[in-house]
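Please read all numbers here as calculations on a predicted model, not as lab measurements.
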Amino acid sequence: MHTSLKSFVLTLAASISFASAAGVGEIIPSLSDYPAEGVDVAKVEAAFDELCAIQVRIVELLESVKDKESADAVADELFFIMGRVHELRPDYKKIEHCDADTRNRFIKKLLQESTAIGARKKAVAKSLMEQDFYGSEDLKEALRQMM
């Protein structure tokens with residue numbers, strides 16, 4: 001399962017950040033990061049639920065970009081979201097210490113959510129690139145930092 005978990009984390013990072021998996025190694029937990037006993041499963045689940053919502057929110061934000069002004073405004077929100085994902089990291093990293101059924105349930109839900117918005121994510125990413133991010137250096141930087 002450890003290899004599957006690494007694949008999941010890479011998928012998670014790519015889904016949330018519209019990025020490739022490059023440079024994502026820092027969020028893959030090692031077994032020594034947290035003790036196996038005493039994991040608050042409800043807290044891990046809440047983190048995964050929020051990550052699912054964040055994926056959707058990022059797509060909605062990017063779909064709302066219509067000009068430079070809205071692109072700059074979305075960039076501000078993306079910087080805030082990046083901070084929130086960082087805050088959630090200690091909770092979602094603990095998935096490695098959950099039992100296999102719990103891990104699989106969380107992973108399945110996140111991947112279903114990712115798949116559900118996959119076409120929208122691809123379309124908006126393509127559109128923004130074709131429009132050169134409406135000239136917004138802030139949006140380019142926000143997306144670059146999310147990689």
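- Annotation: the span from Ile81 atom CD1 to Gln55 atom CD amounts to 11.5 Å, rounded to 0.5 Å.
- Residues satisfying the side chain to side chain contact (heavy atoms under 4.5 Å, CB included) test with Lys108, not counting sequence neighbours, are Gln112.
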Side-chain donor-acceptor pairs of residues 44-51 under 3.5 Å, sequence neighbours excluded:
from	atom 1	to	atom 2	distance (Å)
Glu45	OE2	Arg105	NH1	2.9
Asp49	OD1	Lys109	NZ	2.6
Glu50	OE1	Arg84	NH2	2.9
Glu50	OE2	Arg84	NE	2.6

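- For Lys66, there are no salt bridge (charged side-chain N to carboxylate O under 4.0 Å, His left out) partners two or more places apart in sequence or in a different chain.
- Smallest separation of non-hydrogen atoms from Pro90 and His86: CD-O, 3.7 Å.
- Thr102 meets the side-chain hydrogen bond (donor to acceptor under 3.5 Å, both in side chains) test with Asp99; sequence neighbours excluded.
- To the nearest 0.5 angstrom, Cys52 atom SG is 10.5 Å from Phe106 atom CZ.
- In this structure Ser70 satisfies the side-chain hydrogen bond (donor to acceptor under 3.5 Å, both in side chains) test together with Asp67, sequence neighbours excluded.
- Distance check, rounded to the nearest 0.5 Å: CZ of Arg103 to NE2 of His97 gives 10.0 Å.
- Between Val74 and the choices Ile58, Leu128, Leu62, the side chain to side chain contact (heavy atoms under 4.5 Å, CB included) rule is met once, by Leu62.
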Cut-off 3.5 Å, no hydrogens considered: what does the side-chain donor-acceptor table look like for residues 136-147, sequence neighbours left out?
from	atom 1	to	atom 2	distance (Å)
Ser136	OG	Asp72	OD1	2.4
Ser136	OG	Asp138	N	3.4
Ser136	OG	Leu139	N	3.0
Lys140	NZ	Asp132	OD1	3.2
Glu141	OE1	Arg144	NE	3.0
Glu141	OE1	Arg144	NH2	3.4
Glu141	OE2	Arg144	NH2	2.5
Glu141	OE2	Gln145	NE2	2.7

Subject >> side-chain contact (heavy atoms from CB on, under 4.5 Å) between Val124 and Val65, intermediate numbers included >> reply: CA-CA 9 Å; Val124 73; Val65 173; over 6 Å; no
